[in-house]
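The figures here come from the full heavy-atom set of this structure, side chains too, leaving out hydrogens, waters and symmetry mates. All chains are named by letter (A, B, ...) in the order of the sequence lines, taking the proteins before the strands, and each is independently numbered beginning at 1.
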Number of protein chains: 2
Amino acid sequence: MPHHSILDILPEQLRKEAMEKIQVMRFPSGQVLFSAGEHCQGLPLVLKGSVKVQMTGVSGHSIVLYRMGKDDVCTLSIGCLMTGRGYRAEAVVEEEGEAAMIPRGVFDRLMDQSPEFRLGIMESYGRRLDDLMLLVEEVAFHRMDERLEEWLQARASRGVITITHQELAVELGTAREVVSRLLKELERQKMVRLSRGKIELTGLLDSSVLVGA
Amino acid sequence: MPHHSILDILPEQLRKEAMEKIQVMRFPSGQVLFSAGEHCQGLPLVLKGSVKVQMTGVSGHSIVLYRMGKDDVCTLSIGCLMTGRGYRAEAVVEEEGEAAMIPRGVFDRLMDQSPEFRLGIMESYGRRLDDLMLLVEEVAFHRMDERLEEWLQARASRGVITITHQELAVELGTAREVVSRLLKELERQKMVRLSRGKIELTGLLDSSVLVGA
DNA sequence: TGATCGTGTGTGACTTTATCACTGAACTAT
DNA sequence: ATAGTTCAGTGATAAAGTCACACACGATCA
């Protein structure tokens, strides 16, 4: 029995009807849920796990746009579902999990019948828009060293992160060399310890702590 | 009698009801429709003119996120309307025009009653999301000289553009000095002629013409 | 008809980031 | 152990961002 905040708020009758037509899919870490150009079959609701959405530019470079986790709705799919256009980005599973697929017909019906469902969808859209606006500002105006430190902090203020420099470069939308150099500098400052495919955070001092003091 | 594609497709009955509660506002060039932090009173539908939406980062720098023109819906307002949060960006009128303001109650009713209206709203969201995704890619991976040339081309492939370097910098999300230098370089290449507050395009050769040949 | 002031533009010096080209180190599979 | 693959480090150079300041243009006012 799939649980998702946007389904749980539905009135009993509608929820039951919807449940019957919803398929739950499991996805292993690393699986590509959809890639650029593909067409959308239904609206995925993330029940468990985490998925990153990234796009690759004409330049061939990629950047991570946002992540989806439990109780998220795949906002991108809504647009593709309603307009029939293909995806512009791709979604890759980071942490294995499962999603409920809402077929087009059920989606239309829920949008029509349930103000709660509509609100959920609109909120999801609003959040994505916000995320992207913030990302634009981040990419356009923030220094790479600060962005890298923030990323590391957000991921784990202490402990070991398993990621390659290349993947980290995609997270930040920069080049692998840049990440390597910045990390080396952090290592010289004793803030991290580096090894192949791993970054150990040892003494990252969040600069905002100093500034905000 | 206001005309807007999302209203014109409504069934007669609903359209009439809506029209009664909609206020049409005129706005002069330069007017700020809303700014960051403000709360939203209703959903603006652009009937005429053009509006640019820009945000200012913590750094103090600004960047233009997208533009709205005839038949556009102010997507940002939807989110603010439904969640009650304040705007994160600001909207400035570029070309004087007018907008129809849909009050919250009418918006809710239209969303509830009209699949056509819903589709229009969702399409609008989808387009914005696409715009922003493209912008992220553009900002993260494209060279400034190319972006500048593209911007000039898109604006007017020939003729005089009235804009300051500072404003152009905000369009591209960069610094004024960078724009000044790139423009000077274009002037040396006889592609533009510069004067205070004006850029005359003389012989801009779109590189895509050459590449695509 | 200058003098003055606000705004826009030009530019040097320097830092940060991106790109290119390559080396070597670390894991994997045989 | 060896060969192949993926990751990481680094020098050289170009592009872009930052800082500081000079100057140019146009409006206004005495």
Side-chain angles (χ1 to χ4, degrees), chain A residues 30 56-64 135-152 160-189 191-201 207, chain B residues 30 56-64 135-152 160-189 191-201 207:
Chain A
T56 301
V58 284
S59 49
H61 292 130
S62 301
I63 183 171
V64 171
L135 181 59
V136 168
E137 200 265 337
E138 180 105 355
V139 169
F141 303 129
H142 291 334
R143 294 183 38 148
M144 205 44 97
D145 53 357
E146 286 170 10
R147 292 180 56 208
L148 174 59
E149 288 192 37
E150 276 163 24
W151 192 96
L152 292 173
V160 177
I161 302 172
T162 300
I163 193 172
T164 67
H165 296 185
Q166 176 56 52
E167 286 165 336
L168 199 31
V170 170
E171 291 288 333
L172 300 172
T174 184
R176 200 263 316 157
E177 299 91 314
V178 174
V179 171
S180 290
R181 275 193 258 259
L182 291 174
L183 282 173
K184 256 287 162 266
E185 179 57 28
L186 286 181
E187 189 174 45
R188 269 188 285 273
Q189 295 170 23
M191 287 171 162
V192 301
R193 198 154 18 212
L194 302 176
S195 57
R196 187 188 173 90
K198 286 195 175 60
I199 302 171
E200 185 187 351
L201 307 194
S207 59
Chain B
T56 302
V58 284
S59 50
H61 291 129
S62 301
I63 183 171
V64 171
L135 181 60
V136 168
E137 198 265 337
E138 180 105 353
V139 169
F141 303 129
H142 290 340
R143 293 181 38 153
M144 208 38 101
D145 53 356
E146 286 168 11
R147 291 179 56 207
L148 175 59
E149 289 192 37
E150 277 163 23
W151 193 95
L152 292 172
V160 177
I161 302 172
T162 300
I163 194 171
T164 66
H165 296 183
Q166 177 57 52
E167 286 166 335
L168 199 32
V170 169
E171 291 290 332
L172 300 172
T174 183
R176 199 264 315 158
E177 300 91 315
V178 174
V179 171
S180 290
R181 273 193 259 262
L182 290 174
L183 282 174
K184 255 288 163 264
E185 179 57 27
L186 286 182
E187 190 175 45
R188 271 189 283 275
Q189 294 170 23
M191 287 171 161
V192 301
R193 197 152 20 211
L194 302 175
S195 56
R196 190 187 173 88
K198 287 197 175 58
I199 302 171
E200 185 187 350
L201 307 194
S207 59

Nucleic acid contacts of residues 161-175 of chain B, taken as heavy-atom distances under 4.0 Å to DNA chain D: T174(B)
Walk me through whether L182(A) and E149(A) qualify under side chain to side chain contact (heavy atoms under 4.5 Å, CB included). CA-CA 9 Å; L182(A) 291 174; E149(A) 288 192 37; over 6 Å; no
Please find the earliest and latest nucleotides of DNA chain C, in the 5' to 3' direction, that have an atom within less than 4.0 Å of any heavy atom of chain A. dT16(C) to dC27(C)
The test is side chain to side chain contact (heavy atoms under 4.5 Å, CB included); show your working for I63(B) and V139(A) and say whether it passes. CA-CA 11 Å; I63(B) 183 171; V139(A) 169; over 6 Å; no
Would you tabulate the side-chain donor-acceptor contacts of residues 193-201 of chain A under 3.5 Å, counting partners in other chains and residues two or more places apart, or write 'none'?
residue: R193(A); atom: NE; partner: E200(A); partner atom: OE1; Å: 3.4

Using a 4.0 Å heavy-atom cut-off, does H61(B) contact any base of the nucleic acid, only the sugar-phosphate backbone, or nothing at all? sugar-phosphate
Pair L148(B)-L186(B), side chain to side chain contact (heavy atoms under 4.5 Å, CB included): steps then yes or no: CA-CA 10 Å; L148(B) 175 59; L186(B) 286 182; 4.3 Å; yes
Of all residues at least two apart in sequence or in a different chain, which pass the ring pair (Phe, Tyr, Trp, His ring centres under 6.0 Å) check with H165(A)? none
Assign each of E177(B) and D145(B) to its nearest nucleotide of DNA chain D by heavy atoms, then name whichever residue's nucleotide is nearer the 5' end. D145(B)
Which residue, G197(B) or R143(A), contacts DNA chain C at a nucleotide closer to its 5' end, judged by nearest heavy atom? G197(B)
Can you tell me how far CD of E146(A) sits from CD of E138(A), rounded to the nearest 0.5 angstrom? 9.5 Å
Pairwise 5' ranking along DNA chain D for R181(B) and R196(B), keeping only the more 5' one: R181(B)
Minimum heavy-atom distance E167(B)-I163(B), with the two atoms named: OE1-CG1, 3.4 Å
Return the set of residues passing side-chain contact (heavy atoms from CB on, under 4.5 Å) with T174(B) (not counting sequence neighbours), or none when no residue passes. M144(B), A169(B), L172(B), V178(B), V179(B)
Heavy atoms, side chains only, cut-off 4.5 Å: are I161(A) and L168(A) in contact? no
Which nucleotide of DNA chain D is the first, and which the last, in the 5' to 3' direction, to come under 4.0 Å of a heavy atom belonging to chain A? dT6(D) to dA12(D)
Compute the angle between the rotation axes at the two ends of the helix from dT1(C)-dA30(D) to dT30(C)-dA1(D), each taken over five pairs, rounded to 10 degrees. 20°
Between V64(A) and L135(A), the two heavy atoms sitting closest are O-CD2, 3.9 Å
Quick one: list whatever passes side-chain hydrogen bond (donor to acceptor under 3.5 Å, both in side chains) with Q189(B), sequence neighbours left out. E185(B)
Scan for salt bridge (charged side-chain N to carboxylate O under 4.0 Å, His left out) pairs involving residues 168-184 of chain A, sequence neighbours excluded, and state none if there are none. R67(A)-E171(A), K184(A)-E187(A)
State, to 0.1 Å, how close F141(A) and S59(B) come at their nearest heavy-atom pair, and which atoms those are. CB-OG, 3.5 Å
